[in-house]
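First the proteins, then the strands, lettered A, B, ... as listed; each starts at 1.
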Amino acid sequence: MASTTQIPIDLTTPSSSPSPAEADRVLDLSHLPPIYLLPTRLSEVTLHSLEQGLLGAGALLTYNPAEAGVVVGDVNTKRRGLLELRGRGVWSEEVIGGVDGGGEEEGLVKVVRIKWITEMLEKGEEVEMGRWVVYVGKKVAPPVVKEEGEKEEGEKEEGEKEEGDDHGEGGPAKKKVKREIGEAGDGVGDGKATASLKSPGQSILERAKLDAQEQSPHRYHRGRGTRHIRHDSEPSRRARPPLLHHTSTGEFEQIHILAQLRTVPDYVSQNLKYSCLRDTPLKPPNSHFISLLQTIRLARTLSLDAIGIRAYSTAIASIAAYPYPLLTSAELSTLPGCDGKTSSLFHEYIHSTPTFAGEEDDNRTIHVVQELEASEEFTTLRMFYGIWGVGVHTAREFYFKNGWRSLDDVVEFGWDSLSRVQQIGVKYYEEFNEHKIPRAEVERIADIIISAARKVGGEKWDGIVCGGYRRGKGQSGDVDIVLSHPEESLFEGNVGGKGGVAVEWVGRIVGELETAGWVTHTLYLGRGGGFGSQRIDHTTTTTAAHDKDTLAKAMLVWQEQEYNPPAELGEKNRNPHRRVDIILAPPSCAGTAILGWTGATTFERDLRRFVEKRWGWKFDSGGVWDRRTGERVKGLGDWRGMEGEGLVECEKRLLEELGVGWREPEMRNTG
DNA sequence: CGGCATACG
DNA sequence: CGTA
DNA sequence: GCCG
């Protein structure tokens, strides 16, 4: 019941696209009962403009004729009106004496000619509907026969595992308890230690996948070629009278019409699947739903499902680029990379808890996500995975093979089996994970690094912070800075076996920073810009990136030296430790390095797919390569610093040469 | 039903 | 295998 | 999981 609530949607969207509902309105039809537009004999264009006009006047539209108080259509006779209603599952008896416009008697439905609306829209003022009414009926129960409707997903009431033991965080591990780790299980995990690593049949991560499969696929048909948001005037879809179901259906239909009024973004209408070719802002309208998908994606990560990761990443990136709050799963299913599964998740999400106008929607949820958040397995694996130097495999080993459940377990039973960097990762677990880096601190760190580079290598060294900072995030997990120098000659010359002049430079710069006291640990120092540096002799292909086209990288732990103790804490430096990556690029690689290190991940993957498809090139942050010849594509990514080009300019030129076109870093937040 | 980004230690 |  |  109460199906005709206010449309619980704020059409105001952060970006562009004026909404008809926002237009200054002289004509105000908001007091009218819900209006249903009969699509019969109307073109889609006509229908659409009528909808827009009505919505612009604040009228309440519904796509459920059963809820309508007024039905408007190309109908001229009483009998026709009655039949149109009946054809849509609305049974009624004529009310003689009639009633007049405006009033909304319960259970009454009036069929009105279109002229009524067009006249109002032309005049800009309300018009008595009386003279246009062709039929007034009183709704009655249909003769028997009930139709099956959409099934509501069962809620709640699902496996409630005995969860309970909290492992209160464990805090940063400060103690280095020595312990033999040969007998992994002893004393730990009370028998849980036997669970299999590879195929834990009872694993919630596995079950979550199965659950998902069982759900009705809930597919929405999509058009070939140009894809439009499905229009409900399509007969097949219309056939079903969804009434007799409380709530949702009515809102669904009602909301649905709103979805049709929005300008379809190009990437949707053109079915454009490369996230590098469209804007993806940091804070998209559907960020809450996205965060739930990210949780599911993480579950896929933790269950070693690489393809699931790709699939969810694609969907997330697509939704993140969508400039409107999604209203229905049908609307969602028109986005590239979002089909049955994704839209069925949204269906569950949007119906999980009603959200009213003005409210945040973060009380909505998805069942499998709740299960994940409640499961010890998921939350513990996630925690282990958060240790720098611990990947999925190791996290699973900790959990399933060793039976560990907390950081304390790791320290107590496994410390000596950890690699050096893992030990560092554990030691600073909290600082790395909980304490994000404010932008101002990122900038300070960058200044110090650039200064160090200039000190050891001259004033022409320049740098640019990439990563999340460059994409506009207010807080960063780490600092990624790309350094370069405009003179090729600096990177030529001797090539020991170990890899290029760039490595020497990064060594000198890090040395300077260490000496100055900023670096507490060096996790890695050497070749590889992360996404590749060039190595020669791939096969026969000459090409040869020389070592002068090689990136170098340092991964550091950093700590601000200036410490102002709040008196009682003492003089020890308690500033949080920070993860800092320094990438050193010769000028020939500067553009690709910056583009490659700015991210986000899905943007990068799609960029590589696009460049491969469009040109047959291979992109990595050390250069652009022709796959056939193996040759480096000339000029791409070269920094013309000697000619006064800036680093950002260089990246811009590269993006254009790649056929991608310029995209602001702030618009590369593919989630 | 194959493909899904890429490279390095 | 881990990192990005 | 989605696409061609």
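In this structure, CD1 of I309(A) is placed 16 Å from C1' of dG3(B), rounded to the nearest angstrom. In this structure, D305(A) atom CG and dC4(B) atom P are separated by 16 Å, rounded to whole Å. Spacing between atom CG of D480(A) and atom P of dT3(C) amounts to 14 Å, rounded to whole angstrom units. R297(A) has its CZ atom 13 Å from the C1' atom of dG1(D), to the nearest Å. If you take CG of D549(A) and P of dA7(B), they are 15 Å apart, rounded to a whole angstrom. The OH atom of Y385(A) sits 9 Å away from the C1' atom of dT3(C) (whole-angstrom rounding). To the nearest angstrom, C1' of dC3(D) lies 13 Å from CD1 of I307(A). In this entry the distance linking OH of Y524(A) with C1' of dC8(B) reads 6 Å, nearest Å.
For R627(A), the listed nucleotide lying nearest its side chain is dT6(B); candidates were dT6(B), dC2(D), dG9(B). Residue R527(A) places its side chain closer to dG9(B) than to any other of dG2(C), dA4(C), dG9(B). Which of dA4(C), dA5(B), dC1(C) sits closest to the side chain of D581(A) comes down to dA4(C). Side-chain proximity of D339(A) to the nucleotides dG4(D), dC2(D), dT3(C) is greatest for dC2(D). Between dG1(D), dG9(B), dT6(B), one nucleotide has an atom nearer to the side chain of K341(A) than all others, and that is dG1(D).
Dashed line: the shortest gap from a side-chain N or O of K618(A) to OP1 or OP2 of dA7(B) is under 4.0 Å. OP1 or OP2 of dC3(D) has not a single side-chain nitrogen or oxygen of K273(A) nearer than 4.0 Å. Remark: R605(A) is in phosphate contact with dA5(B), judged by side-chain N or O atoms under 4.0 Å from OP1 or OP2. Not one side-chain nitrogen or oxygen of R310(A) sits closer than 4.0 Å to the OP1 or OP2 atom of dG1(D). For T342(A), a side-chain nitrogen or oxygen approaches OP1 or OP2 of dC2(D) to under 4.0 Å. Close to dA7(B), at under 4.0 Å from its OP1 or OP2, lies no side-chain N or O of W597(A).
Panel note: side chain E666(A), backbone G472(A); no donor-acceptor pair is recorded below 3.5 Å.
Between R608(A) and E612(A), no side-chain nitrogen of the basic residue sits less than 4.0 Å from a carboxylate oxygen of the acidic one, so the salt-bridge criterion is not met.
Ring planes of Y274(A) and F610(A): perpendicular class, angle over 60° (limits at 30 and 60°).
A donor-acceptor contact under 3.5 angstrom links the side chains of Q422(A) and S419(A), judged on distance only.
Closest non-hydrogen pair, A453(A) versus L483(A), comes out as CB-CD1, 4.1 Å.
Along DNA chain B, the nucleotide nearest G526(A) and the nucleotide nearest R609(A) are compared for position; the residue whose nucleotide lies closer to the 5' end is R609(A).
Each of I387(A), V426(A), V557(A), D478(A) was scored for a side-chain contact (heavy atoms from CB on, under 4.5 Å) with F432(A), with one residue passing: V557(A).
When heavy atoms are screened at a 4.0 angstrom cut-off, V390(A) is found touching the sugar-phosphate backbone but no base atom.
Going from the C1' atom of dT3(C) to that of dA5(B) covers 14 Å, rounded to whole Å.
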